[in-house]
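Numbering of residues begins at 1 and proceeds along the displayed sequence. Order of appearance sets the numbers: ligands from 1, and atoms from 1 within every ligand.
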Amino acid sequence: MIKIENLKQSYLGVPVIKGLNLEIQKGELVFLQGSSGSGKSTFLKILNGYTEDFGGEVWIENVSIRKMKKFELRRITGTVYQSFELLERKTAFENVCLAGEVLGKSQSEIMGRAKELFEQVGLRGKEERYPAQLSGGEQQRVAIARALLNKPKILLADEPTGNLDPENAFMIMQLFSQINQQHGLTMLIVTHSKELVKAFPGRKIRMEGGIIREL
Ligand SMILES: Nc1ncnc2c1ncn2[C@@H]1O[C@H](COP(=O)(O)OP(=O)(O)OP(=O)(O)O)[C@@H](O)[C@H]1O
Ligand SMILES: [Mg+2]
């Protein structure tokens, strides 16, 4: 599904990723750990096309991401962030739908899919709320629905529970785990939380010295 070969990334001449090799199979749930500054976010940014000057190769279903258009790569990889990144002046439903509108899908198709996702992430009835009217856990559920709108092949999450209290963090991880098991979606989740990683089934890897180590 994802094959990474000799991946390298430097900033201002300082190497951060130093020849990383990794394969992720379709349907795998992978937890990525690693100390602060080890290059986890850098790695995700290469996978979703926000960093392009990397060395080495990344193939998704045998296609090099260098050959993909940016919007195409971002459709294939939905991303969830620590700080939710919702638009404050849009309702939860609008935030989710916007992800489809930028790709020029029909309004009815987008709305149908968004409705289905609100159900799936446990937010039915809260579609018309603005982000400020939702709890942190609920805002992250909206962000997950948004990331899933275009049916990505891979879901990337960068510290998705970093801004949540332990209870909400657990529930969000449970939601990821459920989506993985029910829909077979391939997922790469960066997390610092050893407790959460222990609590859910999945492959555990660690970014260390610019490469990946299996745990
Ligand atoms: N755009 C950039 N320009 C220069 N240096 C950068 C840039 N982005 C990241 N770095 C550096 O690259 C290294 C890796 O950063 P990265 O954000 O990938 O770490 P991380 O593993 O995600 O850390 P954290 O757990 O704190 O989020 C750090 O030393 C950081 O300062
Ligand atoms: Mg980071």
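Residues passing the salt bridge (Lys or Arg N to Asp or Glu O under 4.0 Å) test with Arg113, sequence neighbours excluded: Glu116.
In the hydrophobic clustering, where aliphatic and aromatic side chains (Ile, Leu, Val, Met, Phe, Trp, Tyr) are joined below 4.5 Å either directly or transitively, Tyr50 groups with Tyr81.
The environment of Glu167 atom CD is sparse: at most 12 non-hydrogen atoms of other residues, nucleotides or ligands sit within 6.0 angstrom.
Hydrophobic clustering (side-chain heavy atoms under 4.5 Å, transitive across Ile, Leu, Val, Met, Phe, Trp, Tyr) keeps Phe200 apart from Leu32.
Side-chain contact, His183 with Gln178: no donor N or O sits under 3.5 Å from an acceptor N or O. Counting only N and O atoms by type, the side chains of Asn150 and Lys105 include a donor and acceptor under 3.5 Å apart. Between Gln140 and Asn168, the side chains place no donor N or O within less than 3.5 Å of an acceptor N or O (distance only, hydrogens not considered).
Listed by chain and number, Ser41 OG are the protein N/O/S atoms closer than 2.8 Å to the Mg ion (ligand 2), with waters left out.
Here the side chains of Ile179 and Gln120 are in contact, with some heavy-atom distance below 4.5 Å. The shortest distance between side-chain heavy atoms of Arg66 and Val58 does not fall below 4.5 Å.
If you look at ligand 1, the protein residues with a non-hydrogen atom under 4.0 Å away are Tyr11, Val16, Ser35, Ser36, Gly37, Ser38, Gly39, Lys40, Ser41, Thr42, His192.
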